[in-house]
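These values consider heavy atoms only, across backbone and side chains, with no hydrogens, waters or symmetry-generated copies.
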Amino acid sequence: MASTATPVIANVSRIVTKVVDRLTGDRSSYPLLVCLGAQLALSKHGIDSRILYGDVAWIEVLENHSVIWAGAWGEQFGFWVESEYSEVIDLNTSVAHRHKDLKNPDHKPLYSPPILWSSDVPKFYRYRPTGIAEIGALPERDQKWLAVLNDEIDQKCTKNLLLGDKEEFPNEPIICPGKKLLDDTQKTFLLYDRALSVVGIPQSPF
């Protein structure tokens, strides 16, 4: 089954996460901006994609090493990208624990799951699309951020800048096609996976 080439995944994930974090201070609160960046960056590599919205959830590990489902479902919804290869692309899950969960304000998460870029979605994520996102007029601040993001993608997400065998990923855990897992230098996924192996996966919220 066809999938996005590893150098492209490295390029797109590194540039989009780095630029949006720099612009916003913390991309965890701006999933739509991240999706717009990922979609544009993919197009620079000749890959079609679409932004989906709907119910989305992932398991977070709390300070006491218990686990909960976090995300957006019911009256809320989240955004993610689907590539032409039917891959789920979510560049925000690895930092989702930094975002305050309004449904559970007292919870203090330590870890959330890796960046996801795969058509094979592990059990600690849940995605249930409602439809394809149609982007209307953005607030002025977001328009400025998007313009800067687009400019940097134009410069840095090109085929001739791919690093071949020396792919540089963001220093965050990421799951790539074929269940390939790349951990960060802090071994965050190892700690996350260890907690899940002890307590198990709770029932999904949807």
Side-chain angles (χ1 to χ4, degrees), residues 1 3-14 16-18 20-21 26-31 34-35 38 52 54-73 76 78-83 85-101 103-129 166-206:
M1 183 177 178
S3 60
T4 305
T6 302
V8 173
I9 296 174
N11 176 256
V12 171
S13 62
R14 184 182 77 255
V16 172
T17 59
K18 182 178 181 179
V20 179
D21 271 337
D26 184 353
R27 73 181 191 273
S28 66
S29 297
Y30 301 92
V34 171
C35 287
L52 301 180
D55 295 329
V56 56
W58 56 83
I59 292 178
E60 293 184 343
V61 177
L62 305 183
E63 282 186 336
N64 62 3
H65 294 284
S66 63
V67 300
I68 62 166
W69 284 99
W73 58 86
Q76 299 177 314
F79 298 98
W80 65 95
V81 174
E82 182 184 70
S83 75
Y85 309 119
S86 299
E87 297 159 321
V88 174
I89 302 171
D90 193 335
L91 302 183
N92 265 21
T93 45
S94 58
V95 296
H97 62 281
R98 303 195 311 221
H99 183 66
K100 190 72 172 178
D101 185 355
K103 298 190 296 296
N104 300 291
D106 297 328
H107 290 156
K108 297 179 179 180
L110 284 176
Y111 313 115
S112 47
I115 287 172
L116 179 61
W117 195 308
S118 177
S119 58
D120 186 7
V121 179
K123 294 181 180 179
F124 40 81
Y125 307 92
R126 292 280 290 167
Y127 294 89
R128 186 170 64 185
K166 297 180 180 179
E167 301 101 344
E168 181 184 351
F169 285 84
N171 187 23
E172 300 173 16
I174 181 169
I175 294 176
C176 297
K179 298 183 178 179
K180 180 180 180 181
L181 185 283
L182 302 175
D183 212 345
D184 61 5
T185 53
Q186 289 76 41
K187 303 297 182 184
T188 302
F189 180 73
L190 179 65
L191 299 171
Y192 176 86
D193 188 55
R194 185 176 297 164
L196 282 189
S197 66
V198 171
V199 300
I201 295 179
Q203 183 176 353
S204 169
F206 58 86

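For the residue pair Trp73 and Trp69, the shortest heavy atom distance occurs at CH2-O, 3.8 Å. Of all heavy-atom pairs between Ser118 and Pro177, the closest is OG-CA, 4.2 Å. Shortest non-hydrogen contact noted between Ala57 and Pro205 is CB-CG, 4.1 Å. The two atoms that bring Leu116 and Tyr127 nearest to each other are CD2-CE1, 3.6 Å, heavy atoms only. Ala38 and Val16 make their closest contact through N-CG2, 3.9 Å (heavy atoms, listed as atom of the first residue, atom of the second, distance).
The pair Arg27-Glu172 meets the salt-bridge criterion, with a side-chain N (NZ, NE, NH1 or NH2) lying under 4.0 Å from an Asp/Glu carboxylate O.
The CD1 atom of Ile89 sits 10.0 Å away from atom OG of Ser13, with the distance rounded to the nearest 0.5 Å.
Side-chain contact, Asp90 with Tyr125: no donor N or O sits under 3.5 Å from an acceptor N or O. Between the side chains of Ser28 and Asp26, a donor-acceptor pair is found at a separation under 3.5 Å.
Ring-plane geometry between Tyr192 and Phe124 is classed as perpendicular, the angle between the planes exceeding 60 degrees on a 0 to 90 degree scale with a lower cut at 30.
Between Phe169 and Thr6, the closest side-chain pair of non-hydrogen atoms falls below 4.5 Å.
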Exercise for review: Start with the C-alpha distance between Ile174 and Phe189, add both sets of side-chain angles, then the distance that settles side chain to side chain contact (heavy atoms under 4.5 Å, CB included), and finish with yes or no.
Suggested key: CA-CA 9 Å; Ile174 181 169; Phe189 180 73; over 6 Å; no
Point to revise | Chi angles and distances behind the side chain to side chain donor-acceptor pair (under 3.5 Å) call for Ser66, Asn64 | key: CA-CA 6 Å; Ser66 63; Asn64 62 3; 2.6 Å; yes
Point to revise | Evaluation steps, side chain to side chain contact (heavy atoms under 4.5 Å, CB included), between Tyr85 and Met1 | key: CA-CA 8 Å; Tyr85 309 119; Met1 183 177 178; 5.5 Å; no
Point to revise | Step-by-step side chain to side chain donor-acceptor pair (under 3.5 Å) determination, Glu60 to Trp58 | key: CA-CA 7 Å; Glu60 293 184 343; Trp58 56 83; 2.9 Å; yes
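With respect to Asn171, the side-chain hydrogen bond (donor to acceptor under 3.5 Å, both in side chains) criterion is satisfied by exactly one of Asp184, Thr185, Thr188: Thr185.
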